Amino acid sequence: MLENIVEAPIHVLGRPRNEVTAEAQTLLDRVELGNRGHSYPQELSGGQQQRIAITRALAMKPKLMLFDEPTSALDPELVGEVLDVMKSLAEAGMTMVVVTHELGFARQVSDQVVFMDQGVVVESGAPTDVLGSPQHERTQAFLSRSSRTSPTQAGDVSGHKKGTSPMPRQQVTTDLAPSPAGPYSQGTAANGFLFTAGQTPHDPVTGDTVGTTIEEQTVQAMKNLAAVLAGHGLDFSYVVKTTVHLHHPGRDFAGFNASYEEFVEAPYPARTTVGSFLGDFLVEIDAVAAMPSSFQVLH
């Protein structure tokens with residue numbers, strides 16, 4: 001891999017081999033692949049190959065870097081290692097244009113977010129505005145679906161209360177604001193379901209991360225989810241689907257399960273667990289809950 005990295009600086013830029021080789025080794029150390037300089041591509045994981053590709057680009061000393069879905073072909077457990085490298089580049093002042101569906105990464109690292117649909121810019125601005133309080137209906141629709149399964153695919157919704165029949169699909173008022181539950185928390189009620197995203201281990205008042213272990217942070221995230229559910233008159237028995245984002249899925253899966261099961265009872269709701277870039281915290285939980293028929297229905 002070292003020879004692959006030095007090829008362009010030597011033959012395109014005409015730089016001395018010894019100088020370029022020393023810089024390439026420094027770059028490999030920077031992306032935590034210092035011992036892989038003599039490896040072949042087939043000997044590396046997908047995440048390692050992506051980090052080598054980033055190193056190869058950095059060797060040309062670019063002023064701007066373009067990334068087109070850099071994590072799209074990676075296994076969930078490998079996504080974090082590539083995004084960590086990109087985050088370090090951003091912190092070092094590298095200008096980057098990134099096409100991505102990793103919303104947590106975009107939210108934490110970007111200075112400017114542009115949401116496009118069919119080749120047209122729909123909405124742009126600061127990440128807190130575009131991803132936190134989108135104004136355009138198309139952006140709102142994308143964000144409401146991006147991290148959760150459609151209710152019709154989440155399993156038999158009759159499971160939210162034993163002995164009851166599935167609720168009919170119907171439009172429900174959406175002015176039922178969730179209880180405050182942290183800086184990323186969102187909740188939208190529609191079509192007989194509550195969609196909630198961004199339940200993270202943050203104190204709802206101070207915004208500080210609560211706990212350092214996966215067990216402590218899971219408890220706080222679940223408490224925040226409980227607050228959002230309670231704000232709509234619900235509890236965990238109404239949840240039909242959860243999507244769990246773990247920064248270190250391989251390491252933290254067992255610890256997360258132990259704390260998660262303190263809040264939910266069997267039969268557990270359907271669940272998807274994925275690896276995601278979460279910055280300085282370890283877990284984020286999204287959920288879909290069935291709304292009770294007592295809510296006001298729009299006819």
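All values below were derived from every heavy atom in this structure, side-chain atoms included, with hydrogens, water molecules and symmetry-related copies excluded. Since the model is a prediction, treat every value here as computed from it, not as a measurement.
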Q: Quick check: is Tyr268 connected to Val244 through a chain of hydrophobic side chains (ILVMFWY, heavy atoms under 4.5 Å apart)?
A: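 Yes, same cluster.
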Q: Under 6.0 Å from the NE2 atom of His38, do we count more than 12 heavy atoms belonging to anything else shown?
A: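 At most 12 heavy atoms, drawn from other residues, nucleotides or ligands, come within 6.0 Å of this atom.
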Q: Just so I know, are the side chains of Tyr238 and Leu229 near enough to count as touching, which here means a heavy-atom distance under 4.5 Å?
A: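 Answer no - side chains too far apart.
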Q: Side-chain contact, heavy-atom cut-off 4.5 Å: Ile54 with Leu89?
A: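 Yes - at least one pair of side-chain heavy atoms lies under 4.5 Å apart.
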Q: Run Phe263 and Lys223 through side chain to side chain contact (heavy atoms under 4.5 Å, CB included) and show every step you take.
A: CA-CA 9 Å; Phe263 291 83; Lys223 286 181 178 178; 4.2 Å; yes
Q: Could you tell me the separation between the OG1 atom of Thr218 and the OH atom of Tyr260, rounded to the nearest 0.5 Å?
A: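 If I round to the nearest 0.5 Å, the distance is 11.0 Å.
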Q: How close do Pro269 and Val239 get, heavy atom to heavy atom, and via which atoms?
A: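 Closest pair (atom of Pro269, atom of Val239, distance): CB-O, 3.3 Å.
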Q: Can you tell if the side chain of Met116 reaches within under 4.5 Å of the side chain of Val99, non-hydrogen atoms only?
A: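 A side-chain contact is absent here, since even the closest heavy-atom pair is not under 4.5 Å.
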Q: Which heavy atom in Leu234 sits nearest to a heavy atom in Ala290, and how many Å separate them?
A: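 Scanning both residues completely, I find the closest heavy atoms to be CD2-O, 3.9 Å.
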Q: Where do Ala59 and Pro9 come nearest, in terms of heavy atoms and distance?
A: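 For Ala59 and Pro9, the tightest heavy-atom pair comes out as O-CG, 3.7 Å.
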Q: Measure the shortest side-chain to side-chain distance between Asp286 and Phe195 over non-hydrogen atoms and say whether it is less than 4.5 angstrom.
A: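 Side chain of Asp286 against side chain of Phe195, heavy atoms only: no contact under 4.5 Å found.
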Q: Taking all atoms of both residues into account, what is the closest heavy-atom pair of Met94 and Pro62, and its distance?
A: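 That closest heavy-atom pairing would be CE-O, 3.6 Å.
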Q: In Å and rounded to the nearest 0.5 Å, what is the CG to CZ distance from Leu83 to Phe67?
A: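 Nearest 0.5 Å value for the CG-CZ distance: 10.0 Å.
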Q: Are any side-chain N or O atoms of Asn224 and backbone N or O atoms of Thr200, one a donor and one an acceptor, separated by less than 3.5 Å?
A: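 Judged by distance alone, yes, a pair lies under 3.5 Å.
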Q: In this structure, which one of Arg30, Arg56, Lys61 forms a salt bridge (charged side-chain N to carboxylate O under 4.0 Å, His left out) with Glu23?
A: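 By the salt bridge (charged side-chain N to carboxylate O under 4.0 Å, His left out) criterion, Glu23 pairs with just one of Arg30, Arg56, Lys61: Lys61.
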Q: Could you check whether any side-chain N or O of Glu123 sits under 3.5 Å from a backbone N or O of Gln135, counting only pairs where one atom can act as donor and the other as acceptor?
A: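 Checking the backbone N and O of Gln135 against the side chain of Glu123, a donor-acceptor pair under 3.5 Å is found.
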Q: Going by an N to O cut-off under 4.0 Å, is there a salt bridge joining Lys87 and Asp280?
A: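 A salt bridge links Lys87 with Asp280.
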Q: Check this for me: Gln112, atom CD, are more than 12 non-hydrogen atoms of other residues, nucleotides or ligands nearer than 6.0 Å?
A: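 Yes, enclosed.
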Q: Would you say that Glu32 contacts Arg51 through its side chain, given a criterion of any heavy-atom pair below 4.5 Å between the two side chains?
A: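 Side-chain contact under 4.5 Å: yes.
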Q: Check for a donor-acceptor pair, side chain of Asp235 on one end and backbone N or O of Ala230 on the other, with a separation under 3.5 Å.
A: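 Checking the backbone N and O of Ala230 against the side chain of Asp235, no donor-acceptor pair under 3.5 Å is found.
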Q: Checking the side chain of Gln48 only, and the main-chain atoms of Leu33 only, is there a donor and an acceptor separated by less than 3.5 Å?
A: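 Side chain of Gln48 to backbone of Leu33, a donor-acceptor pair under 3.5 Å: no, none is there.
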Q: Just wondering, do Val219 and Val210 contact through their side chains at under 4.5 Å, heavy atoms?
A: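 No, every pair of side-chain atoms sits at 4.5 Å or beyond.
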Q: Please check: side-chain N/O of Gln220 versus main-chain N/O of Asp203, any donor-acceptor pairing under 3.5 Å?
A: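 No.
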Q: Can you tell me if Gln217 uses its side chain to pair, donor with acceptor, with the backbone of Gly211 under 3.5 Å?
A: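 Pair found, side chain donor or acceptor close to backbone of Gly211.
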Q: Checking Glu215 side chain against Ser259 main chain: does a donor-acceptor pair fall under 3.5 Å?
A: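 No, Glu215 side chain to Ser259 backbone: no donor-acceptor pair under 3.5 Å.
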Q: Is Leu44 close to Met1 at the side-chain level, that is, under 4.5 Å between some pair of heavy atoms?
A: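 A side-chain contact under 4.5 Å exists here.
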Q: Checking side-chain hydrogen bond (donor to acceptor under 3.5 Å, both in side chains) between Arg271 and each of Asn257, Thr243, Thr242, which is the one that passes?
A: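 When side-chain hydrogen bond (donor to acceptor under 3.5 Å, both in side chains) is applied between Arg271 and each of Asn257, Thr243, Thr242, only Asn257 qualifies.
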Q: Using every non-hydrogen atom in the two residues, find where Pro127 and Asp111 come nearest and quote the distance to one decimal.
A: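 Reported closest heavy-atom pair: CD-O, 3.6 Å.
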Q: Salt bridge check, Glu3 against Arg17: does any charged N sit closer than 4.0 Å to a carboxylate O?
A: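 Between Glu3 and Arg17 there is a salt bridge, with a charged N closer than 4.0 Å to a carboxylate O.
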Q: Same cluster or not: Met86 versus Leu58, using hydrophobic residues (I, L, V, M, F, W, Y) connected whenever any side-chain heavy atoms lie under 4.5 Å apart?
A: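 Both belong to a single hydrophobic cluster.
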Q: Is there side-chain contact between Leu282 and Arg251, with heavy atoms separated by less than 4.5 Å?
A: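 They are in contact (side-chain heavy atoms under 4.5 Å apart), so the answer is yes.
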Q: For Thr139 and Phe115, which heavy atoms make the closest approach, and how far apart are they?
A: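 Closest approach of Thr139 to Phe115: OG1-CD2, 3.3 Å.
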Q: Applying ring pair (Phe, Tyr, Trp, His ring centres under 6.0 Å) between Phe281 and each of His245, His247, His202, report the one that passes.
A: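 The ring pair (Phe, Tyr, Trp, His ring centres under 6.0 Å) with Phe281 is passed solely by His202 among His245, His247, His202.
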